[in-house]
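Numbers for residues simply follow the sequence, beginning at 1.
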Amino acid sequence: FLEPVVRPLAESAAEALPSCVVTSATPIQAHTQSEHAQKIAVLLPCYNEEATIGKVVADFRRALPAAEIFVFDNASDDGTARIAAEAGAVVVRSPRRGKGNVVRHMFQTVEADILVMADGDDTYPAHESVELIRVLRETKADMVVGTRLKQHEEGAFRALHEFGNKFISKLISVLFSAHVTDVLSGYRAMDVDFVRTLYLKSNGFEIETEITLQALVKNRVIQEIPIRYGERPAGSHSKLSTFSDGALIITGVLLVFRDYKPLVFYSCVSGLCFVLGLVAGWYPIADYARTQFVSHVPLALLAAALEVLAVLFFGIGLILNAIA
């Protein structure tokens, strides 16, 4: 019964929006110049990047003239959406803040054969996307990652970020028996068949790590090529928090490891409880060996509890491994 009132308001609001701004959640089909050519889409998640987004869109248009460029505006309160639209990008409103939320929105919305994901801060060289796509096609990989640690400008990484990236990458390499060097890179070319298998839950900057982890546990082929990572231009500011986002990334790695390799995960926890139980039980055992009486009763109770937990955790690992 409200239709006579609502419909005119909706139509007038739609007419007020620029033609290149998309507000619907309906999948967007990327265009190509040839019917048989692979459709390529460049996906740029952005939040308050008015200082750089115009140049980034222009650079990708020159590097990949046949590709469709999508800017997903994550509720920016500056001129990011307007500048991106003026530069020739298709602007999609993504109101739920957080990079993970935007990436899920991008994957659900854009339909193309190859998806190139980058950032709108002008730190990733657009011309390297040609090489990412070439490697993706020639090696039949599922994902090609542009790694930043070998070539980067001075000041490109904030304090502790390079160390944290290497630590997390090494941790993943050990836990998942793989070789990855830059799991936090946001510059990736992905095959659409791989993207459709992803079940992503992260809301923030840990999303790139989650994409890599799911590729590893699903035995997908990952290739890495070095790119030159640039320093943020003046007026562009990083939204990454060193400690809070780093803690989220490490927690995410451990949770995925627990879900996909439960026997190994819970066996490690069981082993830790077993060793701590032996340490706590040293004095009670020594008491009994010397006097046939236990004077360190609290330690004896703690040791017994830890050994019971060790057995329980190992049993949980066996059960979850059978289910998985």
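- For the pair Tyr187/Asp182, no side-chain contact is recorded, criterion being any heavy-atom separation below 4.5 Å from C-beta on.
- Between the side chains of His179 and Ser173, not a single donor N or O lies within less than 3.5 Å of an accepting N or O.
- With a 4.5 Å cut-off on side-chain heavy atoms, Leu44 and Val42 count as touching.
- The backbone N or O of Asp78 lies less than 3.5 Å from no partner atom in the side chain of Ser76, so there is not a single donor-acceptor pair.
- Shown here are the side-chain contact (heavy atoms from CB on, under 4.5 Å) partners of Ile133, two or more places apart in sequence or in another chain: Ile40, Leu64, Ile114, Val116, Arg137.
- Look at Glu208 and Lys99 and you find a salt bridge, because one of the NZ, NE, NH1 or NH2 atoms lies within 4.0 Å of a carboxylate O, short of that distance.
- Asp77 meets the side-chain contact (heavy atoms from CB on, under 4.5 Å) test with Tyr47, Asn48, Arg97; sequence neighbours excluded.
- A distance-only check finds a donor-acceptor pair linking the side chain of Glu50 to the backbone of Gly79 [under 3.5 Å].
- Looking only at distances, a side-chain donor or acceptor of Glu224 sits under 3.5 Å from a matching main-chain atom of Thr181.
- Heavy-atom contacts from other residues, nucleotides or ligands closer than 6.0 Å to OH of Tyr283 number 12 or fewer.
- Looking at residues two or more places apart in sequence or on another chain, you find no salt bridge (charged side-chain N to carboxylate O under 4.0 Å, His left out) involving Arg61.
- Salt bridge status for Arg93 with Asp73: present, with a side-chain N to carboxylate O gap under 4.0 Å.
- Listed for the Tyr288 side chain is no donor-acceptor partner under 3.5 Å among the backbone atoms of Ser295.
- No donor-acceptor pair under 3.5 Å is formed between the side chain of Asp119 and the backbone N or O of Asp121.
- Heavy atoms from other residues, nucleotides or ligands lying under 6.0 Å from NZ of Lys218 number more than 12.
- With Asp142 contributing its side chain and Val221 its backbone, the two residues share a donor-acceptor pair below 3.5 Å.
- The closest side-chain donor-acceptor pair between Ser202 and Glu210 falls under 3.5 angstrom.
- Side chains of Val144 and Arg188 form no contact here, defined as non-hydrogen atoms less than 4.5 Å apart.
- Between Ile227 and Tyr124 there is a side-chain heavy-atom pair separated by less than 4.5 Å.
- The main-chain N or O of Gly100 is never found under 3.5 Å from a side-chain atom of Glu206 such that the two would form a donor-acceptor pair.
- The shortest distance between side-chain heavy atoms of Arg96 and Asn203 falls below 4.5 Å.
- Taking the ring centroids of Tyr266 and Phe314, they lie at or beyond the 6.0 Å cut-off.
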